[in-house]
**Student:** 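Please find one structure pasted underneath; my questions will follow.
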Amino acid sequence: MSEICNMDCCKSCPRRAECPGCAETGGRPYGGDCIAARCVGEKGHETFLTLKKTLVEEINGLGIPDLHVDDLNLLPGYFVNLEYPLPNGQTVKLLSDGNIYLGNQIERPSNERCYGVVADAEYILVCEYGGGGTDPEIVLYKRRREA
């Protein structure tokens, strides 16, 4: 098992027994798109690191109270793709379970809820949720300015 991005994500993946790896699947370990594999494969590792830095800056510049990100991790869509309730009573998933995104969880001071941040080359999603991803709410979902 090996990865295109050299981030050692395959080694720590909880589903590695089910997946041959990023390099072996052409950067599509769960059938979807991996932001790191695509970026590194098309433009090189430095471009991927620049993308991460740019996303951190964009997220921190959103002006959302208590939201500050220092780094973004590679996260599988199946792990972060929560179902959000809509005002009409329906629920919606905004991500793809098969994709790999950049994201992080940010604990809020003096609050039982956390922010979840997930991004790819086109969109940024900020949500808020309770322990274990319960009661998720969309805080912001937007097309990136550089997409």
**Student:** Sequence neighbours left out, cut at 3.5 Å: what donor-acceptor pairs do the side chains of residues 133-142 make with other protein atoms?
**Tutor:**
from, atom 1, to, atom 2, distance (Å)
Thr134, OG1, Gly131, O, 3.1

**Student:** Does the side chain of Asp33 pick up a donor-acceptor pair with the side chain of Asn99 at under 3.5 Å?
**Tutor:** no
**Student:** Around Glu112, counting heavy atoms of other residues, nucleotides and ligands shown, do more than 12 lie under 6.0 Å from its CD?
**Tutor:** no
**Student:** Between the side chains of Gln105 and Tyr129, does any donor sit under 3.5 Å from an acceptor?
**Tutor:** yes
**Student:** Rounded to the nearest 0.5 Å, what separation is found between the CZ atom of Arg143 and the OH atom of Tyr123?
**Tutor:** 3.5 Å
**Student:** If I compare all heavy atoms of Ile100 with all of Pro76, which pair ends up nearest, and what's the gap?
**Tutor:** CD1-CA, 3.8 Å
**Student:** Only one of Val117, Asn81, Asn73, Asp120 clears side chain to side chain contact (heavy atoms under 4.5 Å, CB included) with Tyr101; which?
**Tutor:** Asp120
**Student:** Flag the pair Ile59 / Ile124 as yes when at least one side-chain heavy-atom distance between them is below 4.5 Å, and no otherwise.
**Tutor:** yes
**Student:** Determine, stepwise, if the pair Val118 / Leu102 fulfils side chain to side chain contact (heavy atoms under 4.5 Å, CB included).
**Tutor:** CA-CA 6 Å; Val118 181; Leu102 284 167; over 6 Å; no
**Student:** Which pair of heavy atoms, one from Ile35 and one from Leu74, lies closest together, and at what distance?
**Tutor:** CG2-CD2, 4.0 Å
**Student:** Taking atom CD of Glu42 and atom CZ of Arg38, what is their separation to the nearest 0.5 Å?
**Tutor:** 6.0 Å
**Student:** Sequence neighbours excluded, which residues qualify as ring pair (Phe, Tyr, Trp, His ring centres under 6.0 Å) partners of Tyr78?
**Tutor:** Tyr30
**Student:** Side chains of residues 62-70: which donor-acceptor partners sit under 3.5 Å, not counting sequence neighbours?
**Tutor:**
from, atom 1, to, atom 2, distance (Å)
Asp66, OD2, Arg108, NH2, 3.3
His68, NE2, Asp70, OD1, 2.9

**Student:** Please indicate whether Lys93 has more than 12 foreign heavy atoms, meaning atoms of other residues, nucleotides or ligands, lying under 6.0 Å from its NZ.
**Tutor:** yes
**Student:** After noting the C-alpha distance and the side-chain angles of Glu122 and Arg144, does the key distance pass the salt bridge (Lys or Arg N to Asp or Glu O under 4.0 Å) rule?
**Tutor:** CA-CA 5 Å; Glu122 296 181 33; Arg144 290 190 55 234; over 6 Å; no
**Student:** Calculate, to the nearest 0.5 Å, the distance between atoms OG1 and CG belonging to Thr91 and Leu82 respectively.
**Tutor:** 11.5 Å
**Student:** Can you measure from SG (Cys127) to OH (Tyr84) and round to the nearest 0.5 angstrom?
**Tutor:** 3.5 Å
**Student:** Calculate, to the nearest 0.5 Å, the distance between atoms OG1 and NE2 belonging to Thr47 and His45 respectively.
**Tutor:** 10.5 Å
**Student:** Give, for atom CG of Asp71 and atom CG of Leu55, the distance between the pair rounded to the nearest 0.5 Å.
**Tutor:** 11.0 Å
**Student:** Minimum heavy-atom separation for Cys39 and Leu51, please, with both atom names.
**Tutor:** SG-CD2, 4.4 Å
